[in-house]
Amino acid sequence: MGQPTSDLLFSTIPPERIGISGEYDYHGLAKRVTATLKQHFELDEIQGLRVTQRGAVVVILGAIVNQWLLIRLVRVAMGVSGAADVEVNGVSVGYSLRYYLEVKPSRAGLGKLVGAMNHSL
């Protein structure tokens with residue numbers, strides 16, 4: 001007749017628990033999102049971030065340069081199979097601006113900051 005429903009239920013891995021190589025991994029979604037972010041962003045854009053998960057919810061923590069980068073991060077993370085939502089409450093935006101106001105960089109440093117902001121648009 002076919003397999004009982006309970007066998008099918010326990011023989012499939014939930015999408016949020018699939019690891020990078022297709023194996024069962026309790027933190028699989030977070031690892032796959034991290035790998036995807038590394039493919040889509042420059043290292044200096046995401047080096048201050050940490051990605052975890054709570055079930056099918058991706059949780060991003062850390063500091064980023066601007067709001068545009070945050071929007072791009074969420075869009076890429078939501079594109080990963082198994083991601084139902086992205087939580088960004090633990091992300092602080094504008095670290096470079098705070099640094100600029102405290103340190104007041106040289107003209108070259110200011111040019112670099114403006115270039116970084118234009119790059120993310």
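Residues: numbered from 1 along the sequence shown.
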CG on Leu29 to OG1 on Thr52, rounded to 0.5 Å: 10.0 Å
- request: Can you tell me which residue pairs pass the side chain to side chain donor-acceptor pair (under 3.5 Å) test with a partner in residues 53-65, sequence neighbours excluded?
  value: Arg54-Glu87
field: Within one Ile-Leu-Val-Met-Phe-Trp-Tyr cluster: Val80 and Val58, side-chain cutoff 4.5 Å
entry: yes
query: Which atoms form the tightest heavy-atom contact between Ala56 and Gly82, and what is the distance?
result: CB-O, 3.4 Å
- prompt: Is Leu49 reachable from Val88 through a run of I, L, V, M, F, W or Y residues, each pair having side-chain heavy atoms under 4.5 Å apart?
  reply: yes
query: Which atom names give the shortest non-hydrogen contact between Val93 and Asn66, and what distance separates them?
result: CG1-C, 3.3 Å
I'd like a table of donor-acceptor pairs (distance under 3.5 Å, sequence neighbours excluded) in which one partner is a side-chain atom from residues 15-22, with atom names and distances.
residue	atom	partner	partner atom	Å
Arg17	NH1	Tyr26	O	2.5

task: Can you measure from CG (Leu70) to CZ (Arg75) and round to the nearest 0.5 angstrom?
output: 11.0 Å
- prompt: Do Leu37 and Val51 pass the side-chain contact (heavy atoms from CB on, under 4.5 Å) test, and can you show the C-alpha distance, the side-chain angles, and the key distance before you say yes or no?
  reply: CA-CA 10 Å; Leu37 293 178; Val51 178; 3.9 Å; yes
query: Is Met78 reachable from Ile46 through a run of hydrophobic residues whose side-chain heavy atoms are each under 4.5 Å from the next?
result: yes
task: Kindly indicate whether the side chain of Val91, heavy atoms from C-beta on, has any atom under 4.5 Å from the side chain of Leu73.
output: no
- line: Looking only at heavy atoms, the pair that brings His40 and Val76 closest together is ND1-CG1, 4.0 Å
message: Nearest 0.5 angstrom please: Phe41 CZ to Leu69 CG, how far?
response: 6.0 Å
- request: Just grab all the salt bridge (Lys or Arg N to Asp or Glu O under 4.0 Å) pairs involving residues 29-40, residues at least two apart or on different chains.
  value: Asp25-Lys31
